[in-house]
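This structure is a prediction, so every number in the text was calculated from the model and none was measured. The first residue of the sequence shown is numbered 1, and numbering continues consecutively from there.
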Amino acid sequence: MLNRKQKHFLLKFFSLFSVVRGYNILIIVLAQYLTSVYILAPRLPLRGVLFDVNLLMLVLASACVIAGGYIINNFYDSEKDLINRPNKTMLDRLVSQNTKLSGYFALNFLSVIFASYVSFKAVVFFSIYIFGIWFYSHKLKKYLFVGNITAAILAVVPFFAVFIYYKNFDLVIFVHATFLFLLISMREVIKDLVNLKGDLVQNYQTIPVVYGPKTAKRMLTLLSVLTLIPTVLLIAKFEIGYMNFYFFGSILALIVFVSILWFSNQKLHYIILHTILKFIIVIGVFSIVLINVDLVLNRIF
C-alpha cells in the first residue's frame with residue numbers, strides 16, 4: 001500500500017503529465033520517426049534513421065517545445081478551463097503556477113540545447129517556434145480566425161523540422177501536410193464549440209462566440225469537403241501503397257462526423273466529434289507504415 005506522501009507524489013506526477021499532455025507528445029514523437037523512416041528517408045537503412053543522433057535531437061527539441069507550449073497555454077487558460085473542464089483543472093492545479101512556469105522555462109532551455117547540437121539554424125528555428133507558441137497563448141488565440149489558423153500552423157511545425165533536416169520537399173509531403181492541417185483546423189473549431197461557455201465568459205473572439213454554433217458547423221462542413229482535395233490527390237496521383245485504405249476510411253469517418261455534427265447541440269456531442277477527429281489523426285500516424293509494406297517487412301526480417 002502507498003503511504004500518503006507517495007500518493008501525493010503520484011497525484012502531482014499525473015497532474016504534470018496531464019498539463020503537458022504526455023500522450024499527445026508520444027504520438028507526435030512516433031509520427032516524426034515514422035514520417036522520417038517511411039516518407040522522408042525510405043532509402044536509408046532503418047538503423048541509420050533510428051540511430052541518427054541529429055534526428056533524435058530534433059525530436060527531443062520538438063517534444064520539449066510542445067510540452068512547454070502546453071504548460072504556458074494551461075497557465076493563460078487557467079480561469080477559462082475552470083469553467084469548461086473543472087475536474088481536469090482541479091487535477092492540474094495540484095502543480096503550482098510557479099512550478100509550471102519553472103518547468104516551461106526549463107523545457108524551452110532544453111529544446112535550445114538539443115537544437116544547438118544539430119546547427120545554429122535549428123536553434124533559430126526552435127527559438128521562433130517557442131516565441132510563436134507563447135505569442136499564440138498570450139494574445140493570438142483570443143482573436144477571431146487568427147487563433148484557429150495559428151494553432152493549426154503551430155501543430156504541424158514539428159514535422160517541418162524533420163522535412164528541412166532531410167531536405168525532402170516532394171509535393172506528396174505538402175499534400176499530406178495539407179490534409180493534416182485541415183483536420184487540425186477542424187479540431188480547433190470543434191474545441192471552440194466544446195469551450196463555448198468559458199470563451200463567452202473570458203471574452204474570447206472565437207467563431208461560435210461571434211457568429212454562433214450554426215456558422216461554426218457550416219465552416220466545419222466546408223473544411224470536411226476541402227479535405228477531399230488532398231485525399232483524392234493522394235489516392236489518385238501518388239504512390240501511397242496500402243495507406244489508401246486509411247484515406248478511404250477517413251472519408252467515411254468524416255461523412256459520419258458531418259452527419260453527427262448537424263444533430264449536435266450539447267457539449268457531450270462536440271466532445272464525441274472531437275474524439276472522432278483525434279481518432280482519424282492518430283490512426284493516420286500508425287497508417288504511415290502502410291505506404292510501403294514490403295519495406296516494413298524487409299526492415300523487420
A.B. asks: Would Met186 and Phe181 count as a side-chain contact (heavy atoms from CB on, under 4.5 Å) here? Give the steps.
C.D. replies: CA-CA 9 Å; Met186 291 172 64; Phe181 175 81; over 6 Å; no
A.B. asks: Has Gln32 got a side-chain atom pairing as donor or acceptor with Val162's backbone, closer than 3.5 angstrom?
C.D. replies: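 No: the side chain of Gln32 does not pair with the backbone of Val162.
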A.B. asks: Should we count CZ of Phe145 as having more than 12 external heavy atoms under 6.0 Å?
C.D. replies: yes
A.B. asks: How far apart are the closest heavy atoms of Ala122 and Ala115, and which atoms are they?
C.D. replies: CB-O, 3.5 Å
A.B. asks: If you measure from CZ on Arg187 to CG on Asn148, what distance do you get to the nearest 0.5 Å?
C.D. replies: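 Arg187 atom CZ to Asn148 atom CG measures 11.5 Å (nearest 0.5 Å).
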A.B. asks: Just checking Phe174: does its CZ atom have more than 12 heavy atoms from other residues, nucleotides or ligands closer to it than 6.0 angstrom?
C.D. replies: yes
A.B. asks: Show me the side-chain donor-acceptor pairs of residues 243-252 shorter than 3.5 Å, one per line, residues at least two apart or across chains.
C.D. replies:
unit_1	atom_1	unit_2	atom_2	d
Tyr246	OH	Ile280	O	2.8
Ser250	OG	Phe247	O	2.7

A.B. asks: For side-chain contact (heavy atoms from CB on, under 4.5 Å), just list the numbers for Ile71 and Phe75, CA-CA rounded to whole Å, side-chain angles, deciding distance to a tenth of an Å, and then say yes or no.
C.D. replies: CA-CA 6 Å; Ile71 290 174; Phe75 178 83; 5.5 Å; no
A.B. asks: Using the rule side chain to side chain contact (heavy atoms under 4.5 Å, CB included), only one of Asp170, Ile173, Val49 pairs with Leu40; which is it?
C.D. replies: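 It is Ile173; the other options fail the test.
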A.B. asks: On a heavy-atom basis, which atom in Leu273 and which in Ser264 lie closest, and how many Å separate them?
C.D. replies: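 Closest approach of Leu273 to Ser264: CD1-OG, 3.6 Å.
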A.B. asks: What's the spacing between Leu60 CG and Ile113 CD1 if we round to 0.5 Å?
C.D. replies: 13.0 Å
A.B. asks: Looking at every heavy atom in both Pro208 and Ala216, which two are closest together, and how far apart are they?
C.D. replies: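 Looking at all heavy atoms of both residues, the shortest contact is CG-CB, 4.0 Å.
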A.B. asks: If you group Ile, Leu, Val, Met, Phe, Trp and Tyr by side-chain heavy-atom gaps below 4.5 Å, do Ile164 and Phe120 land in one group?
C.D. replies: no
A.B. asks: CG of Leu228 to CG of Leu254: how many Å apart, nearest 0.5 Å?
C.D. replies: 7.5 Å
A.B. asks: Any donor-acceptor pair under 3.5 Å linking the side chain of Asn73 with the backbone of Gly69?
C.D. replies: no
A.B. asks: Does one hydrophobic cluster hold both Ile72 and Ile128, with members joined at side-chain heavy-atom distances below 4.5 Å?
C.D. replies: no
A.B. asks: Quick check: does any side chain N or O of Lys142 sit under 3.5 Å from a backbone N or O of Gln202, one acting as donor and the other as acceptor?
C.D. replies: no
A.B. asks: Taking C-beta and beyond as the side chain, do Leu193 and Leu220 meet within less than 4.5 Å on heavy atoms?
C.D. replies: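 Touching, per the 4.5 Å side-chain cut-off.
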A.B. asks: Check for me, please, whether Ile229 and Leu180 land in the same ILVMFWY cluster - side-chain distances under 4.5 Å, paths through other members count.
C.D. replies: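 Linked within one cluster.
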A.B. asks: Is there a donor-acceptor pair closer than 3.5 Å between any side-chain N or O of Tyr129 and the backbone N or O of Leu154?
C.D. replies: yes
A.B. asks: Under 4.5 Å between any side-chain heavy atoms of Leu107 and Val65, yes or no?
C.D. replies: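 With C-beta onward as the side chain, the pair stays apart.
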A.B. asks: Look up atom OH in Tyr33 and atom CG in Leu50, then write down how far apart they are to the nearest 0.5 Å.
C.D. replies: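 Rounded to the nearest 0.5 Å, the OH-CG separation comes to 7.0 Å.
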A.B. asks: Do Ile149 and Tyr204 sit in one hydrophobic cluster, given that two such residues count as connected whenever their side-chain heavy atoms are within less than 4.5 Å of each other, even indirectly?
C.D. replies: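 No, Ile149 does not connect to Tyr204 through the hydrophobic network.
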A.B. asks: Can you find a heavy atom in the side chain of His176 that is under 4.5 Å from one in the side chain of Leu234?
C.D. replies: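 They are in contact (side-chain heavy atoms under 4.5 Å apart), so the answer is yes.
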A.B. asks: Nearest 0.5 Å please: distance from the CD1 atom of Ile271 over to the NZ atom of Lys278.
C.D. replies: 11.5 Å
A.B. asks: Anything under 3.5 Å between a donor and an acceptor, one on a side chain of residues 51-58, the other on a protein residue two or more places apart or in another chain? List them.
C.D. replies:
unit_1	atom_1	unit_2	atom_2	d
Asp52	OD1	Asn54	N	3.0
Asp52	OD1	Leu55	N	3.4
Asp52	OD1	Tyr165	OH	3.2
Asp52	OD2	Tyr165	OH	2.7

A.B. asks: Would you say Leu290 and Tyr38 make side-chain contact, with heavy atoms under 4.5 Å?
C.D. replies: no
A.B. asks: Pick from Leu183, Ile235, Val175: which one makes a side chain to side chain contact (heavy atoms under 4.5 Å, CB included) with Pro230?
C.D. replies: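 Only match with Pro230 under side chain to side chain contact (heavy atoms under 4.5 Å, CB included): Val175.
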A.B. asks: If every non-hydrogen atom of Asp199 is compared with every non-hydrogen atom of Thr206, which pair is closest and at what distance?
C.D. replies: OD2-CG2, 3.6 Å
A.B. asks: Once you round to the nearest 0.5 Å, how far does CZ of Phe257 lie from OG of Ser224?
C.D. replies: 5.5 Å
A.B. asks: Check Pro213 against Leu196 and note the closest heavy-atom contact, atom names and distance.
C.D. replies: CG-CD2, 4.3 Å
A.B. asks: Given side chains that start at C-beta, do those of Ser62 and Phe126 come closer than 4.5 Å, heavy atoms only?
C.D. replies: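 Side-chain contact under 4.5 Å: yes.
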A.B. asks: With side-chain contact (heavy atoms from CB on, under 4.5 Å) as the test, would you mind laying out the steps for Tyr104 and Ile130 before giving the verdict?
C.D. replies: CA-CA 10 Å; Tyr104 168 72; Ile130 290 167; 4.3 Å; yes
A.B. asks: Kindly write out the residues that satisfy ring-ring contact (aromatic ring centres under 6.0 Å, His included) with Phe131, not counting sequence neighbours, or none if the list is empty.
C.D. replies: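 For Phe131, the residues satisfying ring-ring contact (aromatic ring centres under 6.0 Å, His included) (neighbours in sequence not counted) are Trp134, Phe135.
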A.B. asks: Quick check on Tyr117: does its OH atom have over 12 non-hydrogen neighbours (other residues, nucleotides or ligands) under 6.0 Å away?
C.D. replies: no
A.B. asks: Please name the pair of heavy atoms, one in Ile291 and one in Glu239, separated by the smallest distance, quoted to 0.1 Å.
C.D. replies: CG2-O, 4.3 Å
A.B. asks: Give a yes or no on whether Val194 and Ile260 share a hydrophobic cluster (residues Ile, Leu, Val, Met, Phe, Trp, Tyr; joining criterion: side-chain heavy atoms under 4.5 Å apart).
C.D. replies: yes
A.B. asks: Please step through side-chain contact (heavy atoms from CB on, under 4.5 Å) for the pair Tyr143 and Gln205, ending with a clear verdict.
C.D. replies: CA-CA 5 Å; Tyr143 294 106; Gln205 298 300 297; 5.6 Å; no
